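Notes to accompany the following structure.
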Amino acid sequence: MNADVEAVRTADRKHVFHSWSAQELIAPLPVAGAEGSYFWDYEGNRYLDFSSALVYTNIGYQHPKVVAAIQEQAAKMCTLAPGFAVDVRSEAARLIAERTPGDLDKIFFTNGGAEAVENAVRMARLHTGRPKVLSTYRSYHGATTGAINLTGDSRRFGNDSATAGVVHFWGPFLYRSPFHATTEAEECERALRHLEDTIVFEGPQSIAAVILETVVGAAGVLPPPPGYLPGVRELCDRYGIVFVLDEVMVGFGRTGKWFAAEHWDVTPDLITFAKGVNSGYVPLGGVAISAAIAETFARRPYPGGLTYSGHPLACAASVATINAMAEEGIVEQSARTGAELLGPGLRELAERHPSVGEVRGLGTFWALELVRDPKAREPLVPYAASGADSAPMAEFAAACKKGGLWPLTAGNRIHIAPACNVSAADAAKGLEILDGALAVADAHMA
Ligand code: PLP
């Protein structure tokens with residue numbers, strides 16, 4: 001075993017170039033296996049995965065129905081060019097379209113989230129004949145050139161080409177209100193006024209799309225106040241702007257609905273998805289397209305495509321994932337887990353740990369905002385901190401791991417995103433480990 005682990009570690013360090021990292025400063029954990037809500041290393045240490053990989057294993061690791069579907073599809077037909085009609089591709093598209101709101105009934109498949117975003121923006125620009133796209137400062141839309149320039153958070157900094165035709169604006173976030181609001185209603189109203197001002201002063205005739213994450217994910221887990229998304233829909237209608245909801249992270253059960261847009265009863269013109277669409281077992285993403293935008297390309301060729309668009313193995317995994325989620329009530333389970341276990345459990349932790357400034361979320365998608373000073377709401381580590389500045393969060397993450405929980409930390413927050421079908425016992429166990437680790441954050445209070 002140990003010989004294996006050393007070979008894995010050595011080849012990784014020598015040949016694998018990792019995302020978002022200074023290559024010599026990382027020590028990736030060699031992982032030997034995974035099942036359900038857990039993965040384990042070669043020494044037999046098991047970790048309860050509260051990050052769902054990168055918030056995508058919505059039905060956990062190695063779900064037997066999805067593994068079997070991939071095996072069956074591999075035996076039958078591993079691949080076929082995107083120009084053909086294929087049973088699993090048609091069925092995956094049908095199952096996804098059945099679950100999207102309104103008339104978003106056509107699916108363009110990509111290999112992941114960033115490509116979905118790139119294609120949604122391309123569709124919006126061609127549909128409107130306008131160049132600009134508006135997105136929020138607190139957002140993450142992917143790491144390809146267009147998507148990272150749409151991104152509002154600090155991951156854009158190393159990539160900013162200043163040529164992407166993107167204008168950033170502030171979305172609502174009451175805890176750190178950019179509008180000095182004190183209630184959700186005030187935050188909503190002021191955020192909508194700010195967006196309208198931005199549209200008017202940019203010139204509506206130059207704006208192709210507004211793109212929002214339905215619930216901002218990687219940049220904070222920020223559920224919008226009640227009237228915000230319907231208000232954005234109205235503004236987009238008024239100014240002839242395409243409304244794109246990016247559901248790459250929050251689609252397919254994460255928030256306790258198939259698509260998070262259902263919570264606010266809003267229908268955008270395009271939805272981007274990836275991750276949970278097949279729990280990430282084989283790379284897949286896509287864009288769900290409204291009838292009006294699909295019509296633009298009914299007799300005029302769509303000038304975009306991908307070699308692996310609608311890959312049969314990925315689509316077979318998607319069909320099996322969606323069917324398993326429906327048969328096993330996983331979307332409803334995610335909603336219940338949030339309402340009955342994670343929400344109350346995290347709020348209870350906040351009462352006992354002064355470093356928890358705010359608890360927010362829904363379904364199996366939560367965040368704790370960790371602060372040095374609850375009154376001033378000073379973050380536990382500064383925005384975009386690295387190196388020594390981010391040490392308190394690194395210590396907190398290490399304490400989680402020591403307790404057997406794999407955390408997802410981002411800036412001064414921990415995001416809590418277990419599998420949507422995490423058991424009640426594992427949800428409780430995760431909360432208990434967090435309880436212990438939060439003592440480390442408390443020790444850093446000002
Ligand atoms: N959009 C959102 C909302 C995301 O959370 C992500 C990834 O986390 C992406 C797009 C990019 O997806 P991918 O990493 O599959 O390209």
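Everything numeric here is computed off the predicted structure, so don't read it as measured data. Atoms within a ligand are numbered from 1 in the order they appear, just like the ligands themselves.
Contact shell of ligand 1 (protein heavy atoms, cutoff 4.0 Å): G112, G113, A114, Y140, H141, G142, E213, D246, V248, M249, K275.
Taking the six-membered ring where the residue is Trp, H194 and F169 present tilted rings, their angle falling between 30° and 60°. Aromatic ring orientation, W406 versus Y47: perpendicular (interplanar angle above 60°, classes split at 30° and 60°). The aromatic rings of Y308 and H311 stand perpendicular to each other, their planes meeting at an angle above 60°, with 30° marking the opposite boundary.
Checked against a 6.0 Å centroid threshold, the rings of F108 and Y302 count as neighbours.
When each of D153, T151, L222 is paired with R138, the side chain to side chain contact (heavy atoms under 4.5 Å, CB included) condition holds for L222 and for no other.
Because its NZ or CZ atom is both nearer than 6.0 Å to the ring centre of Y38 and within 45° of the ring axis, R46 counts as a cation-pi partner of that residue.
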